[in-house]
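Both counts, for ligands and for their atoms, begin at 1 and track the order of listing.
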Amino acid sequence: MSVCIGVLAIQGDIQENLLSVRTVLADLGIDGKVIAVKTPHEISQIDGLIIPGGESTTIGQLSLVNGSLKILKEKIEKGMPVLGICAGMIMLSKTADDRIVGKTNQPLLEILDIKLERNSFGRQRESFESDISMESIGIPKFNGVFIRAPSVSDVGSDVEILSKLNERIVAVKKGNVIGTSFHPELTTDTSLHKYFVNLVKSKLN
Ligand code: GLN
């Protein structure tokens, strides 16, 4: 059965994620495609979704206005696998406050029972890379690229912590929903995208 992965194409690292998934599909020899999705109709056709990093307030506001926020929430609640990267993880969270300005009242999907601090590691000029580990999903070493990244300050009891950096939570998973503070699409290591594509494929069979 052919797999169709969508990359939410409102704002952010869209092309980079399309390329990462395309590479993984070819490397694994999986019958499938990856498409950029924006409208509710396009979203209705996918089996799994990546919400890219970018600016969560923009992604949230625009997807609210064009009606895609609602269908995204419905599909994810019905079990569609989703990988939320940085701003994408913010979109998945129940609560997100900014480190400096506090409450932002931005539209969120409120799917993952996590509390987030936006811009937790500082602003753009404090961007950095660091090795992290996601042992429980078979990725012992990964190059984490952190750009205005959030950290998870609290998790619900059923949310698995996948990775920590300096005692701060930077990757989480609950069922088919994965969130990372860092940007896997900005490295040449496709292991997290591979893990996600395999997860989406396993739900089709
Ligand atoms: N700081 C951004 C936000 O709050 C996220 C940054 C990113 O996705 N690289 O939306």
Side-chain angles (χ1 to χ4, degrees), residues 5-21 34 36-38 48-66 68-69 72-73 76 82-132 134 142-155 159 162-166 168-173 177-190 192-193 196:
I5 307 226
V7 175
L8 188 63
I10 306 260
Q11 187 270 333
D13 273 3
I14 299 152
Q15 294 305 326
E16 293 82 349
N17 277 289
L18 288 169
L19 180 61
S20 297
V21 177
V34 58
V37 294
K38 201 181 312 192
L49 175 76
I50 296 177
I51 308 179
E55 181 50 50
S56 58
T57 48
T58 307
I59 297 171
Q61 292 293 354
L62 294 180
S63 51
L64 178 70
V65 171
N66 82 357
S68 53
L69 199 69
L72 281 177
K73 190 170 164 85
I76 300 167
V82 55
L83 170 62
I85 298 169
C86 202
M89 175 165 75
I90 295 171
M91 286 301 304
L92 292 171
S93 71
K94 280 220 163 113
T95 322
D97 291 342
D98 185 83
R99 187 173 64 103
I100 308 280
V101 301
K103 292 248 164 297
T104 54
N105 295 322
Q106 62 194 102
L108 300 171
L109 287 160
E110 298 176 19
I111 297 271
L112 252 185
D113 187 11
I114 55 174
K115 196 170 171 204
L116 277 182
E117 182 180 67
R118 291 179 58 201
N119 300 303
S120 190
F121 297 91
R123 301 282 164 184
Q124 188 83 18
R125 64 173 178 271
E126 277 102 41
S127 301
F128 64 98
E129 297 184 26
S130 177
D131 276 351
I132 51 111
M134 294 175 281
F142 196 80
N143 176 27
V145 178
F146 293 80
I147 304 168
R148 296 187 298 121
S151 71
V152 180
S153 49
D154 202 6
V155 295
V159 177
L162 292 183
S163 184
K164 280 187 180 178
L165 177 66
N166 302 333
R168 286 198 261 185
I169 301 167
V170 293
V172 290
K173 178 174 185 291
V177 180
I178 301 169
T180 69
S181 298
F182 49 87
H183 288 261
E185 80 286 1
L186 296 182
T187 71
T188 49
D189 183 345
T190 54
L192 186 58
H193 283 86
F196 181 68

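Looking at heavy atoms from C-beta onward, L8 lies out of side-chain contact with M91 at the 4.5 angstrom threshold. Here the side chains of L109 and I51 are in contact, with some heavy-atom distance below 4.5 Å.
Closer than 4.0 angstrom to ligand 1 by heavy atom are G53, G54, E55, S56, C86, A87, I90, R118, N119, I147, R148, H183, sorted by chain and number.
The side chain to side chain contact (heavy atoms under 4.5 Å, CB included) test with I85 singles out one residue from L192, D13, N17, and that residue is N17. Results of the salt bridge (Lys or Arg N to Asp or Glu O under 4.0 Å) test with D98 over K103, R148, R123 single out R123 as the only residue that passes.
Looking only at atom types and distance, the side chain of S120 has a donor-acceptor partner in the side chain of E117 under 3.5 Å away.
The aromatic rings of F128 and F146 lie parallel to each other, their planes meeting at an angle below 30°, with 60° marking the opposite boundary.
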